[in-house]
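Remarks on the structure that follows.
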Amino acid sequence: MEFAKLTRGIEKLERITLDIKNDDLLNEVRQLDLKIKNEKFYLVVLGLFKRGKSSFINSLIGKEIVPTDVIPLTSVITIIEYGQKDYALVSFRDRTEKAVDINQIDDYIAEAKNPHNIKNVERVNLFINSDILKSVSIIDTPGVGSTLEHNTETTYAFIEKIDAAVFIISADIPVTEIEANFLKKLCNTVPKIIFVLNKKDLINGKDLESIISYNRKVLENICNNGGIEIHLMSAFQAMQGFKNNDANLIEQSGIKNITGEINTILKEKKSDILSKSSVN
């Protein structure tokens with residue numbers, strides 16, 4: 001479907017939502033309209049609690065921006081976009097906004113400081129000076145599968161807005177039943193999924209080969225898709241490499257293979273994926 005047809009469809013939807021006076025739906029429609037016109041591409045990072053999603057995002061950006069912790073952290077959707085200087089914009093459900101320093105974002109996205117999202121944050125936009133963000137917006141979502149049910153619900157509600165997803169699994173834990181159920185929803189909805197096995201530095205040799213083989217069979221069965229590729233990486237090694245300006249460690253981490261895959265998708269499949277996701 002061409003973007004012109006999508007735009008005309010959005011205009012019809014906007015007139016309908018104005019007629020029925022549904023402000024929440026009108027806001028959704030206008031956000032989609034802006035996304036289509038600007039050809040914004042949402043790369044959403046998904047996975048179970050403590051699979052290393054936030055660390056992976058930091059390694060994509062090349063600096064530690066998204067906070068990490070040993071407890072469930074992200075409680076709201078965080079959209080990371082390009083900006084000439086680093087800052088954050090917090091949007092609340094009452095349609096107000098507040099600009100804050102990057103170092104203050106955990107006051108709004110961390111479960112410990114904003115339990116059950118009592119501050120009524122709708123989303124947080126981070127504007128970061130990083131080359132990869134010039135062509136794609138990276139979305140951090142609450143982890144699925146922790147004891148915090150509202151975090152899982154927030155992530156499931158965002159699935160329909162995804163253009164492409166990076167699904168993080170862990171080298172030290174085989175794919176679980178919770179992950180399998182989550183993936184069934186993703187595979188039926190999201191146009192493109194990149195599978196990443198994080199923490200490859202924790203195991204090696206035959207054990208690593210075994211977990212890769214097992215996970216590939218499980219993923220292919222869930223998504224009814226043969227030949228699924230699993231990218232191996234260590235977000236820890238990547239960040240250590242960036243901190244110490246160690247090109248060998250960055251190469252060893254596997255992050256370049258994943259950024260290469262993302263760039264290929266943006267170059268060859270962006271328009272087709274945006275059309276499919278916008279229809280969804």
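The first residue of the sequence shown is numbered 1, and numbering continues consecutively from there. Below, each value reflects all heavy atoms present in this structure, side chains not excepted, and no hydrogens, waters or symmetry copies.
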Item to complete: Measure across Ala88 and Ile102 and return the closest heavy-atom pair with its distance rounded to 0.1 Å.
Response: N-CD1, 4.0 Å

Worksheet item: Got Val124 and Ile79 here, is their nearest side-chain heavy-atom distance under 4.5 Å?
Response: no

Worksheet item: Does any non-hydrogen side-chain atom of Glu122 lie less than 4.5 Å from one of Asp94?
Response: no

Discussion item. Do Phe182 and Val218 land in one hydrophobic cluster if side-chain heavy atoms of ILVMFWY residues count as linked below 4.5 Å?
Written reply: yes

Worksheet entry | Any side-chain heavy-atom pair of Ile211 and Leu208 under 4.5 Å | yes

Practice prompt. Kindly compute the distance separating CD1 (Ile61) from CE (Met239), expressed to the nearest 0.5 Å.
Written response: 9.0 Å

Fill in: Within 6.0 Å of CD in Gln84, more than 12 heavy atoms from elsewhere
no

Item to complete: For residues Thr78 and Leu126, determine if any side-chain heavy atom of one lies less than 4.5 Å from a side-chain heavy atom of the other.
Response: yes

Response to the item:
Interatomic distance, CD1@Ile168 vs CD@Glu179, rounded to 0.5 Å, equals 10.5 Å

Practice prompt. Taking atom CG of Asn224 as the centre, report whether more than 12 heavy atoms of other residues, nucleotides or ligands fall under 6.0 Å from it.
Written response: no

Output side-chain donor-acceptor pairs under 3.5 Å for residues 246-259, partner residues at least two apart or in another chain, one line each.
| from | atom 1 | to | atom 2 | distance (Å) |
| --- | --- | --- | --- | --- |
| Asp246 | OD1 | Asn248 | N | 3.1 |
| Asp246 | OD1 | Leu249 | N | 3.0 |
| Ser253 | OG | Ile250 | O | 2.6 |
| Ser253 | OG | Ile255 | N | 3.3 |
| Thr259 | OG1 | Ile255 | O | 3.3 |
| Thr259 | OG1 | Lys256 | O | 3.0 |

Discussion item. Does atom CG (Asp101) have a neighbourhood of more than 12 heavy atoms from anything else shown, all under 6.0 Å?
Written reply: yes

Worksheet item: Is the side chain of Ser277 donor-acceptor paired with the backbone N or O of Leu274 at a distance under 3.5 Å, no angle test?
Response: yes

Worksheet item: Where the side chain of Ser234 meets the backbone of Gln237, is there a donor-acceptor pair that is under 3.5 Å apart?
Response: yes

Worksheet item: Considering residues, nucleotides and ligands other than Asn204, do more than 12 of their heavy atoms fall under 6.0 Å from its CG?
Response: no

Fill in: 4.5 Å side-chain heavy-atom contact, Leu46 and Ile193
no

Discussion item. Any side-chain to backbone donor/acceptor pair from Ser213 onto Ser210? Under 3.5 Å, distance only.
Written reply: no

Discussion item. Would the distance check show the side chain of Glu64 and the main-chain N or O of Asn58 forming a donor-acceptor pair, the cut-off being under 3.5 Å?
Written reply: no

Discussion item. If hydrophobic clusters are built from ILVMFWY residues whose side chains come within less than 4.5 Å, do Val100 and Leu89 share one?
Written reply: no

Discussion item. Tell me whether Phe92 at atom CZ has more than 12 heavy atoms from other residues, nucleotides or ligands lying less than 6.0 Å away.
Written reply: yes

Practice prompt. To the nearest 0.5 angstrom, please state how far the CZ atom of Phe127 sits from the CD1 atom of Ile65.
Written response: 13.5 Å

Worksheet entry | Beyond-backbone contact of Val166 with Leu60, side-chain heavy atoms, under 4.5 angstrom | no

Worksheet item: Taking C-beta and beyond as the side chain, do Asn114 and Asp107 meet within less than 4.5 Å on heavy atoms?
Response: no

Worksheet item: Does Asn221 reach the main-chain N or O of Lys217 with its side chain, forming a donor-acceptor pair under 3.5 Å?
Response: no

Fill in: cation_pi(Lys119, Tyr108) dist<6.0 Å, angle<=45
yes

Discussion item. Using only atom types and a distance under 3.5 Å, with no angle test, would you say the side chain of Arg216 pairs donor to acceptor with the backbone of Glu229?
Written reply: no

Discussion item. For Asn198 and Ser170: C-alpha separation, side-chain torsions, deciding distance, then whether side-chain hydrogen bond (donor to acceptor under 3.5 Å, both in side chains) applies.
Written reply: CA-CA 5 Å; Asn198 190 25; Ser170 182; over 6 Å; no

Worksheet entry | Lys/Arg N to Asp/Glu carboxylate O, Asp163 vs Lys192, below 4.0 Å | no

Discussion item. I'd like to know if Asp272 pairs up with Lys269 as an ion pair, taking the criterion as any Lys NZ or Arg NE/NH1/NH2 lying under 4.0 Å from an Asp or Glu carboxylate oxygen.
Written reply: no

Worksheet item: Using 4.0 Å as the upper bound for N to carboxylate O, is an ion pair formed by Arg15 and Asp19?
Response: no

Fill in: Approximate separation, where rounding is to 0.5 Å, of Ile162 CD1 and Tyr42 OH
11.5 Å

Fill in: Over 12 foreign heavy atoms within 6.0 Å of CD, Glu177
no

Item to complete: Flag yes if more than 12 heavy atoms outside Phe236 fall under 6.0 Å of its CZ atom; otherwise flag no.
Response: no

Fill in: Beyond-backbone contact of Lys63 with Asp86, side-chain heavy atoms, under 4.5 angstrom
yes

Fill in: From Phe41 atom CZ to Leu266 atom CG, the distance as rounded to the nearest 0.5 Å
5.5 Å

Response to the item:
Rounded to the nearest 0.5 Å, the CD1 atom of Ile80 sits from the CG atom of Leu43 at a distance of 10.0 Å

Discussion item. Check for me, please, whether Tyr214 and Leu219 land in the same ILVMFWY cluster - side-chain distances under 4.5 Å, paths through other members count.
Written reply: yes

